[in-house]
2 protein chains.
Amino acid sequence: MTTITDVARRAGVSPVTVSRVMNSAAHVRPETRVRVEQAIAELGYLPNTVARSLRSKRTRSLALLLPDITNPFWTTVARGVEDSAQALDYTVFVCNTDEDPRKQQRYLELAVSQRADGVLIAACHSDAAALRVLREREVPTVVIDRRIEGWDVDCVLGDSTGGARALVQHLIALGHRRIAAISGPAATSTAEDRVTGYCRALAEAGLPVDDSLIRRGQFRTCAGEELARSLLAEAGDLTAIFAANNAIALGAIDAVLAAGRRIPHDIALVAFDDFVDCSHLFPFLTAAVQPAYDMGCEAARLLLARLAGSGPARPQHIVLPCRLVVRHSCGSRLHAGAETLSLPSTVTGLPLPGYRG
Amino acid sequence: MTTITDVARRAGVSPVTVSRVMNSAAHVRPETRVRVEQAIAELGYLPNTVARSLRSKRTRSLALLLPDITNPFWTTVARGVEDSAQALDYTVFVCNTDEDPRKQQRYLELAVSQRADGVLIAACHSDAAALRVLREREVPTVVIDRRIEGWDVDCVLGDSTGGARALVQHLIALGHRRIAAISGPAATSTAEDRVTGYCRALAEAGLPVDDSLIRRGQFRTCAGEELARSLLAEAGDLTAIFAANNAIALGAIDAVLAAGRRIPHDIALVAFDDFVDCSHLFPFLTAAVQPAYDMGCEAARLLLARLAGSGPARPQHIVLPCRLVVRHSCGSRLHAGAETLSLPSTVTGLPLPGYRG
DNA sequence: AATTTGAACGAAAACGATTTCATGATATGC
DNA sequence: GCATATCATGAAATCGTTTTCGTTCAAATT
């Protein structure tokens, strides 16, 4: 493969000069520059990023660690990250941790080994210990969608507590009194924040918080199904379920239907997170929708600002608001009220004409 | 950051020996190996992949270029690729081309600059010219979901022609005679293959192929909407639409509903590709479903085999079959017939209990 | 006219690993 | 017991850039 030396030879200059031309540094005579650029074009020369990175100690790459790229929420976050990064000629490599601490650890070490300039991570544990690899080496880091205890690091998250509270308030307003919560792992701040929001809504309405109605598992469909199943079996007077993310909601739907109950007639369901495209199509699931794309953009922008040395002095904690999108799974046919914002096209309160199942 | 020399010093050996230990090469005395491993652990040493790559000329990374990571089909492909790659300690960096040739070109050059060991690409043009960067430099390449004219390169694709044919045959069997097709860009083999399948099904049924019923645009929701709108306006006797991918289908649904028609009562709709999670939830869209995850896995495995020197001699053209999943958007309440395979849980022919919209 | 400045460029070092080649020690074969 | 193979290790070269430090020469300053 052609190297900078080949280009230099062809242009009749030294490699340094070629380097200067490529990095558009000063002190190159216009005519020399043209000669070099011509040589580059003629040879189809593409610089070796690896060598460049070794010497300059910057790779222009970011590592993005998230639970599962298959979940539309994370996909959208990833897209936001990539778009922001690409605008500044940064490369993003995506790692699926599957919320597995060991996989996460492996990928973090990989990110350090690869000398990623920065890391964006939806940590699977809110304890800072898991991020020691990054902290020790002072790798610029932005945490997405999670809070971290014990490390004051940049983070970008959705308003989990507020979103959960709004969803449960909505259920309460519809007359529900026995509302269960199916959340993620207790070690995840996001899961706990959503439980907090759930409890707060109940407390504010003067309703008791029944611990037996709060279940925790993985942020996964199978966990959602299992927990919903046991809830339905054990709590006979249950009338509504709050699912702490979209995957859990899917599982819960399966469990409810499998138990011979109907949604929303017998069991109302609300969920955190959405299904982007699908929700647009099937006006079904009432959800607190996080601005996933913006979260990705913001996180990447913050990280890139730090890399450019132009970031804010103190670590930032950016909390983006959620939209409450009222659809049919909670039984409400009403437009959203004062506290809520809705997707204009989907909150018609009516099924799409033509689809009757 | 600690280097191999630091480790060597601490273990009382030379850097070469440390390198040998890390690469588990032969010719290291067990006790030396232990000393080195201890030094590595004590220092928390993580090798610098950049330096390693420069010297060894292998980066253990793959570039994955696809239209849009936001589309559930591509997400699932990406996940398959990543899982296969990760098993062999390869890193994947994902690039969204948005089907834009210039963006694609930029990313290809980036992949070469980064010295990716291999490239997986859903090329936005079936002409081999766009891939010259790769071909000239003999970068191991696997093309996903597309055929390439003029370069006999490895590729993994779904049976577009067969899937489209099956979908249209199904419509014909349901009694439809005026069936439109909304496809992707003519430059994309996948789009054209699906048109071919559509035509073949019509021809085999002795039906005329009406060119005015075949429309082409981007593989996007907005294109699908626009083309469907014009079709509905211009072809009054239309009773069914075949959408060449999921995004187009979404747009088509919007257009049909906006025109005051119902699905499937007034217009039947079938589509290529699915919405993974959602389709499981809402038994709506009749689709030819490609094995996206397997496509990603297979493609990565083929590429990695080539990199390991163990690949097949000749370029492979792997065509994976699609499943025809019959749901409600086509008006059929029947289980799939002999030629078709169905998702057991969704093809009940009945709406989910509880959801009446 | 002598001195200073800075533009334009190059030589050599450096980045941190791996690869190649060399060396002494030990084991093996006959 | 001697030649030969193999083991265990290290010194030096190398990968392709960027950085650092000079050097030359022309223009500006005094």
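These figures come from a predicted structure and were not determined experimentally. Basis for what follows: all heavy atoms, side chains included, without hydrogens, waters or symmetry-related copies. So you know, we letter chains A, B, ... as the sequences are listed, proteins then strands, and number each from 1.
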Exercise for the section: Verify whether one side chain among B/D154 and B/H317 offers a donor that lies under 3.5 Å from an acceptor in the other. Expected result: no
Which nucleotide, [options], lies nearest any side-chain atom of [X]?
{"X": "A/N48", "options": "C/dA17, D/dG16, C/dT18", "value": "D/dG16"}
{"X": "B/N23", "options": "C/dC15, C/dG10, C/dT18", "value": "C/dT18"}
{"X": "A/H27", "options": "D/dG16, D/dA8, C/dA7", "value": "C/dA7"}
{"X": "B/Y45", "options": "C/dA17, C/dG16, D/dT18", "value": "C/dA17"}

Problem - Residue-level proximity of residues 9-19 of chain A to DNA chain C when a heavy atom falls under 4.0 Å - result: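 Those residues whose heavy atoms fall under 4.0 Å from DNA chain C, taken from residues 9-19 of chain A in numerical order, are A/V13, A/S14, A/V16, A/T17.
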Exercise for the section: Give a yes/no answer on whether the side chain of A/K57 brings an N or O atom under 4.0 Å of OP1 or OP2 in C/dA14. Expected result: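 No.
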If I take atom [atom1] in residue [X] and atom [atom2] in nucleotide [N], what distance separates them, rounded to the nearest angstrom?
{"X": "A/D6", "N": "D/dG16", "atom1": "CG", "atom2": "P", "value": "9 Å"}
{"X": "B/M1", "N": "C/dA17", "atom1": "CE", "atom2": "P", "value": "11 Å"}
{"X": "B/E31", "N": "D/dT9", "atom1": "CD", "atom2": "P", "value": "8 Å"}
{"X": "A/R115", "N": "C/dC15", "atom1": "CZ", "atom2": "C1'", "value": "11 Å"}
{"X": "A/Q114", "N": "C/dG16", "atom1": "CD", "atom2": "C1'", "value": "15 Å"}
{"X": "A/M22", "N": "C/dC9", "atom1": "CE", "atom2": "P", "value": "16 Å"}
{"X": "B/R35", "N": "D/dG10", "atom1": "CZ", "atom2": "C1'", "value": "14 Å"}
{"X": "A/R60", "N": "D/dT18", "atom1": "CZ", "atom2": "P", "value": "12 Å"}

Any N or O donor-acceptor pair under 3.5 Å from the base of [N] to the side chain of [X]?
{"X": "A/R20", "N": "C/dG10", "result": "yes"}
{"X": "A/R55", "N": "D/dT18", "result": "yes"}
{"X": "A/R29", "N": "C/dA8", "result": "no"}

For [Y], is there an ion pair with [X] - N to carboxylate O distance below 4.0 angstrom?
{"X": "A/R79", "Y": "A/D83", "answer": "yes"}
{"X": "A/E109", "Y": "A/R137", "answer": "no"}
{"X": "B/D117", "Y": "B/R58", "answer": "no"}
{"X": "B/E149", "Y": "B/R147", "answer": "yes"}
{"X": "A/R10", "Y": "A/E37", "answer": "no"}
{"X": "A/D68", "Y": "A/R220", "answer": "no"}

Practice task
Would you classify A/R58 as touching base, sugar-phosphate or nothing, given that sugar-phosphate means primed atoms plus P, OP1 and OP2, and contacts are heavy atoms under 4.0 Å?
Solution key: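 Sugar-phosphate contact only - A/R58 comes under 4.0 Å of backbone atoms but never of a base.
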Practice task
Under 4.0 Å between any heavy atoms, over every strand shown, what does B/T32 touch: base, sugar-phosphate, or nothing? Just pick one.
Solution key: sugar-phosphate
Exercise for the section: Please test A/E298 against A/R301 for salt bridge (Lys or Arg N to Asp or Glu O under 4.0 Å), starting from the C-alpha separation and ending with a verdict. Expected result: CA-CA 5 Å; A/E298 276 308 310; A/R301 267 211 288 263; 3.0 Å; yes
